[in-house]
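Chain identifiers are assigned alphabetically (A, B, ...) following the order of the sequence lines, protein sequences preceding nucleic acid strands; residue numbering begins at 1 within each chain.
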Protein chains: 2
Amino acid sequence: MSTSANSPYHHGNLRQALLEAALIILEKEGETGLGLRDLARAVGVSAAAPYRHFDSRAALLEALAVTGFQRFSAAMEAVAAGNPADPMAAMGKTYVLFALGNANLFRLMFSPQLKKDGRPGLRMAADVAFDTLRHVVGGDMQTGRARALAAWAKVHGLSILLLDGQIALRAGEDTEALIAEIIGSL
Amino acid sequence: MSTSANSPYHHGNLRQALLEAALIILEKEGETGLGLRDLARAVGVSAAAPYRHFDSRAALLEALAVTGFQRFSAAMEAVAAGNPADPMAAMGKTYVLFALGNANLFRLMFSPQLKKDGRPGLRMAADVAFDTLRHVVGGDMQTGRARALAAWAKVHGLSILLLDGQIALRAGEDTEALIAEIIGSL
DNA sequence: CTCCTCATGTAAACAATGTCAACATCCGCC
DNA sequence: GGCGGATGTTGACATTGTTTACATGAGGAG
C-alpha cells in the first residue's frame, strides 16, 4: 500500500512529491509564491519536514532548476536527433518554445539568486546542458565561436523578451511564425 | 548645512536619499539584500519612514527600476547622437556595457516580480525607453521588423549571458572585443 | 507674531516566513 | 523480537514587510 487513507507518519516518497508539487506551484505562482510552508501543506506534511530532504529553500529551488536543465537537455538532444539536416534552426525553435512552455522554471534556471551562493549542482547541470548544446551544434568552437555565441545570444534573448512580454504580438500573428522569422533573419 | 550633527526630526529630502542609498545597496548586495529596514538604517531613519514615500517595497523597487530605464534611455540617445554613421553598432555595444556596468539594476529593470503586479510606471518607463530605441534605429518597423527584433534579441541575450557568467572569457580576452565580435557577426 | 494644520517621522505591534532544536514514530536489519 | 537511524511533528526564534497610533515641526492664515 502506498498512500493509505489515514495519512501515514512516513510519507513514503517525500522529496519527489515535494519536487513535483513545487514545480506546479512554481509555474502557477512564480518563484516568490513558492513558500516552504505552503508547499509542505500542499503535500500534506508539516512545515519542517522538507528540511529532512533539502538543506534550505534555496537548495529546493536548486534541485528544481537542475531538473529543469535536465529536461532542457533532453528536449535539445531529441530535436537535434530528429532533424539531422539543419539541427541549428530546430534547436533554436525548441529553445524558445521550452522557455515559453516552462516560463517560471526557465527563469529559475537562470536566477541570479541561486548562483549568488555557490550552488555547484546548478552550475554543473547548466554546464552539462550547454556542453551537449555545443557538441550538437558542431565541433569547431575555435573558428565559428563568435557565430555560435551570437546565435545563442539571439535565441536566449528572444526567449527572455517574449517571456517578459517585451515583444508584443501583432493582431492575428502567430507566435511560432514570429520565432521562425526572427531566428531565420541573420 | 545638509546633514547636521544632531539628526533633525524631518530628514529634509528622504525619498531621494532613499533612492540613492537603495541604488548603492542594490549594486552591492543584490535585490534580495535590499531590505527596507537596512535601507532605513543606512539613511538614518526609522523602519516605517520609507512608507511615507513608497507604498511598499515593490513600489520602491519600481521607482529604482524607472530611474534605471531613464538612465538607459539617456545613454542610448547620447551614443546614437555621437555616432551618426552607424548608430546600430554603437548602441548595441552601449546596451551591453550598460548591463554589465549596472548589473543588478539591469536585472531589476527586467524583474518578473515587478511586472507581475501591475506596476504601470515601470511598464511606461520601459515602453518609453524602447520607443526611443526603435525611433533611433530607423523608421520602418514594417519591413525590417524581424531584423530589428533579431538584433535586439541578440544584444539583450548577450547582455544577460555575460551578466550571468554563462559566456566565459578566454585567457587574455578582452570583454569589449568579444562584444564587438559577437555583435558584428550577423 | 501666533496658532493650527498637515506632511513627515517614530514607536510598538502583527502576521508571515525560513529555520532550528527537541521529541515522536516507524522501517528495516541483527 | 528488539534496536537504531531515517523520517516526520511540534513548538519556538529571529527577521521581514507592513500597519496603527502617536510625536514633531515647517509653513500658511489670521
Side-chain angles (χ1 to χ4, degrees), chain A residues 1-22 25-26 28-65 108 111 113-114 116-119, chain B residues 1-22 25-26 28-65 108 111 113-114 116-119:
Chain A
M1 303 301 114
S2 51
T3 57
S4 58
N6 54 356
S7 55
Y9 196 95
H10 285 38
H11 180 282
N13 191 354
L14 202 60
R15 179 168 183 113
Q16 191 64 25
L18 283 173
L19 286 176
E20 291 172 7
I25 297 180
L26 175 69
K28 196 179 318 182
E29 313 275 357
E31 184 214 294
T32 307
L34 178 53
L36 275 195
R37 290 175 131 99
D38 295 2
L39 174 61
R41 199 173 310 122
V43 176
V45 91
S46 87
Y51 283 88
R52 296 294 163 186
H53 300 272
F54 302 98
D55 283 349
S56 63
R57 190 187 107 106
L60 185 278
L61 259 38
E62 180 195 20
L64 222 48
L108 186 66
S111 163
Q113 303 290 338
L114 292 186
K116 194 178 57 177
D117 35 56
R119 298 291 152 207
Chain B
M1 302 298 116
S2 50
T3 58
S4 60
N6 54 354
S7 53
Y9 197 94
H10 285 38
H11 181 282
N13 190 355
L14 202 61
R15 180 171 181 111
Q16 191 63 26
L18 283 173
L19 286 177
E20 291 172 7
I25 298 180
L26 174 69
K28 196 179 317 183
E29 313 275 357
E31 184 215 292
T32 308
L34 178 52
L36 275 195
R37 289 175 132 98
D38 296 2
L39 174 61
R41 198 173 311 122
V43 175
V45 90
S46 89
Y51 283 88
R52 296 293 162 184
H53 300 271
F54 302 98
D55 283 349
S56 64
R57 190 186 108 107
L60 185 278
L61 259 40
E62 180 196 20
L64 222 48
L108 186 67
S111 164
Q113 303 292 336
L114 291 187
K116 194 179 58 177
D117 36 55
R119 299 291 152 207

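- When the P atom of C:dT17 is taken as reference, atom CZ of A:Arg41 falls 7 Å away, rounded to whole Å.
- Applying the side chain to side chain contact (heavy atoms under 4.5 Å, CB included) rule to A:Tyr51 yields the partners A:Leu36; only residues at least two apart in sequence or on another chain are considered.
- When all heavy atoms of A:Leu114 and A:Ala58 are compared, the pair lying nearest together is CD2-O, 3.8 Å.
- Residues from residues 47-55 of chain A lying near DNA chain C, meaning a heavy-atom separation below 4.0 Å, are A:Ala48, A:Tyr51, A:Arg52 in numerical order.
- Axis angle across the helix from C:dC1-D:dG30 to C:dC30-D:dG1, with five pairs used at each end and values rounded to 10°: 10°.
- Scored by the salt bridge (charged side-chain N to carboxylate O under 4.0 Å, His left out) test, A:Asp55 finds no partners at all (sequence neighbours excluded).
- When rounded to the nearest whole Å, the span between CG of A:Leu14 and P of C:dT25 equals 19 Å.
- Applying the side-chain hydrogen bond (donor to acceptor under 3.5 Å, both in side chains) criterion to A:Glu29, with sequence neighbours excluded, gives no partner residue.
- Side-chain atoms of A:Val45 lie closest to D:dG8 of the nucleotides C:dG9, C:dG18, D:dG8.
- Distance CD/A:Gln16 to CG/A:Leu19: 6.0 Å, rounded to 0.5 Å.
- Under the salt bridge (charged side-chain N to carboxylate O under 4.0 Å, His left out) criterion, B:Arg57 pairs with B:Glu31, sequence neighbours left out.
- With DNA chain C read from its 5' end, the first of the two nearest nucleotides for B:Ser46 and A:Ser56 is the one closest to B:Ser46.
- Contact detail for A:Ala59 and A:Arg119: the closest heavy-atom pair is CA-NH1, 3.6 Å.
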